[in-house]
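What you see below is based on every heavy atom in this structure, not just the backbone, and it leaves out hydrogens, waters and symmetry mates.
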Amino acid sequence: MALLVDVFGFLSVLLRGCALSAQSFTVGGVAFLLLLAQPLAPALGASGREIVDRTRRLLVWSALALAGIELLTLALQVLVLAGTLEVSPKDAATTSFAAATLMVGAGAVAIAIGATGSSPVARARVLGSAAVVILVAQVATSHAAAQIDGRLALGAVGLIHMAAAGMWIGGLPYLLAALARTDGPGWRLIGRRYSLMSIVSVASLLGGGVAMTIAYVGSPEAMYGTAYGVMVATKALLLGGLLLLGAMNFRLVRRLAADVPVSVLPLRRFAETELGIGVTVLFAAASLTSQPPGVDLIANRASWGEVVERIAPRWPRLASPEHDALGISRLNAQIVTASAQHQAAPLAFVPGEGVLPPRNAMDIAWSEFNHHWAGLFVLAIGALALLERTGRAPWARHWPLALLVLAVPLSVRSDPELWPMGKIGLLESLRDPEVVQHRLLESLTAVFGVLEWRARTQ
């Protein structure tokens with residue numbers, strides 16, 4: 001239980017990201033089925049029926065995934081609440097957030113059941129109503145519900161924002177499945193209808209995003225001076241990339257509608273890239289729930305001068321300080337010197353206690369060394385990938401192995417207070433959420449390197 005409490009904040013963000021992704025795929029699937037697949041099925045013939053069946057199956061799995069994630073989230077929240085406030089699990093399960101989570105899960109189960117129904121009319125009623133229930137319940141656990149003024153207006157904006165994200169990003173897997181099961185005339189019909197849905201969704205998404213940014217960030221100072229504002233800016237940049245890809249897809253769809261000979265492969269590839277970036281945006285949105293709105297953080301904001309000083313270009317730090325010069329190493333040495341029994345001397349930092357490890361200027365230099373070398377690796381990987389594309393250096397196709405080379409030293413140096421460099425054991429260190437994040441990202445770096453290397457070398 002203690003370990004769960006220590007890493008719950010990190011797990012809750014991950015689960016929130018998974019929940020928003022599954023919710024978007026569920027809401028997007030409902031919109032795709034009711035607004036595109038079913039209406040166009042007669043015109044598409046046999047492929048239209050296949051698209052409807054495929055959409056329904058994918059919708060069922062998305063809804064079940066959403067229900068499972070919400071139930072897991074509720075179980076973790078109840079356990080942590082019962083373990084930290086000394087209340088019974090029964091009382092913890094009767095809170096408002098538990099009721100909202102159960103509503104989302106119930107709506108997802110209703111969609112999973114309704115998608116298997118045979119009557120299109122009854123199916124539309126069940127799916128549409130359940131999707132609204134899911135969105136309303138999610139708004140009840142958002143920042144809008146915690147506001148004193150303008151709660152209903154912000155809740156309505158948040159609901160429209162989530163619905164638009166679901167129709168656009170959540171509909172992409174269904175679009176890809178539909179494009180794979182039809183031909184030229186079908187591509188035109190599907191592309192034209194989905195393009196119209198996307199335009200409406202993007203307009204609603206942007207309008208809602210601007211309104212919530214004004215309400216929750218409030219000022220330019222909060223945009224660059226608070227963690228919430230920086231995360232909103234990051235989300236906006238990712239959204240800009242999505243809009244660029246969407247514009248490219250829109251041009252392809254218009255060419256298809258005009259009967260201009262064009263390959264559907266770029267359309268599918270752009271949609272796949274949109275989907276990947278879209279899921280990243282959803283996880284960025286989930287991370288916003290872990291931070292208080294920037295408008296509420298008046299004190300301790302970073303000034304513009306501090307931000308400029310920190311991000312000013314500098315020559316990479318290529319020399320690492322000694323491990324003994326780090327703050328935790330020095331403090332450990334002082335504790336050992338002051339202790340009468342050196343073998344039983346306490347550690348300067350214990351993971352999971354909620355206290356940051358001691359830092360000094362050498363710790364900053366140590367971190368900069370890690371990040372700067374990682375940046376050089378990324379530059380080298382990009383150069384090798386471009387070199388491979390020239391066709392003159394076939395050996396460069398092995399560039400993904402550089403990700404493995406990068407992951408190994410990062411796993412050793414990212415947390416110098418841990419084994420093998422420090423005195424804290426590997427399992428004990430997992431009580432620290434920051435360590436868990438480092439280990440997860442280092443593992444993903446290695447896994448992505450292996451998978452991409454296998455794809456490049458077939």
Side-chain angles (χ1 to χ4, degrees), residues 7 10 227 230 234 302 305-339 342 345-385 387 396 398-450 452-453:
V7 300
F10 176 56
V230 172
T234 302
E306 292 172 332
V307 173
V308 171
E309 180 184 2
R310 190 61 193 154
I311 67 175
R314 295 180 178 87
W315 190 255
R317 184 185 294 274
L318 303 180
S320 173
E322 295 294 332
H323 185 267
D324 292 341
L326 301 181
I328 193 169
S329 298
R330 289 188 171 185
L331 188 55
N332 274 326
Q334 294 173 8
I335 294 175
V336 170
T337 302
S339 177
H342 290 183
L347 295 176
F349 169 68
V350 178
E353 289 191 342
V355 179
L356 294 176
R359 306 291 191 197
N360 59 20
M362 292 298 101
D363 289 276
I364 296 176
W366 182 281
S367 177
E368 288 179 344
F369 175 86
N370 295 344
H371 285 86
H372 291 173
W373 270 105
L376 293 175
F377 262 89
V378 172
L379 287 175
I381 289 171
L384 290 173
L387 187 60
H398 298 290
W399 63 260
L401 294 179
L403 291 173
L404 287 176
V405 180
L406 174 61
V408 173
L410 285 182
S411 64
V412 175
R413 291 182 54 91
S414 59
D415 300 285
E417 67 272 15
L418 311 182
W419 181 90
M421 303 192 74
K423 298 182 179 181
I424 301 174
L426 179 60
L427 293 179
E428 184 184 2
S429 69
L430 297 180
R431 302 177 69 93
D432 188 342
E434 184 177 355
V435 174
V436 175
Q437 294 177 55
H438 286 165
R439 294 294 176 262
L440 177 61
L441 293 176
E442 291 151 6
S443 300
L444 287 176
T445 300
V447 169
F448 288 161
V450 172
E452 184 63 22
W453 178 73

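Minimum interatomic distance between L410 and E442 (heavy atoms only, all atoms of both residues): O-OE2, 3.2 Å. Nearest heavy atom pair, residue P400 against residue G449, reads CB-O, 3.3 Å. Of all heavy-atom pairs between L406 and A374, the closest is CD1-CA, 3.8 Å. Between A325 and R330 the shortest heavy-atom distance is O-NE, 3.6 Å. Considering all non-hydrogen atoms of both residues, V412 and P420 come closest at CG1-CG, 4.1 Å. Heavy atoms only, all atoms of each residue included: G327 and N360 are closest at N-ND2, 3.1 Å.
Of the inter-residue distances, the one linking L326 atom CG with E417 atom CD reads 9.0 Å to the nearest 0.5 angstrom. Put simply, NE2 on H372 and OG on S320 are 12.5 Å apart, with the number rounded to the nearest 0.5 Å. One finds the CG atom of D324 at 13.0 Å from the CE atom of M362 (value rounded to the nearest 0.5 Å). Of the inter-residue distances, the one linking E452 atom CD with L403 atom CG reads 8.5 Å to the nearest 0.5 angstrom.
Within a 6.0 Å sphere centred on NE2 of H371, heavy atoms belonging to other residues, nucleotides or ligands number 12 at most.
Between E368 and R310 a salt bridge is recorded (basic side-chain N to carboxylate O distance below 4.0 Å).
Formation of a donor-acceptor pair under 3.5 Å by the N370 side chain with backbone atoms of S367 is not found in this model. A donor-acceptor pair under 3.5 Å is absent between the side-chain atoms of H323 and the main chain of S329, judged by distance alone. Of the possible donor and acceptor atoms, one in the side chain of W366 sits under 3.5 Å from a partner among the backbone N and O of R413.
Within the 4.5 Å cutoff, the side chain of V447 has no heavy atoms near those of the V450 side chain. Put simply, the side chain of L418 reaches to within 4.5 Å of the side chain of R439, judged on heavy atoms.
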Would L376 and L318 count as a side chain to side chain contact (heavy atoms under 4.5 Å, CB included) here? Give the steps. CA-CA 10 Å; L376 293 175; L318 303 180; 3.6 Å; yes
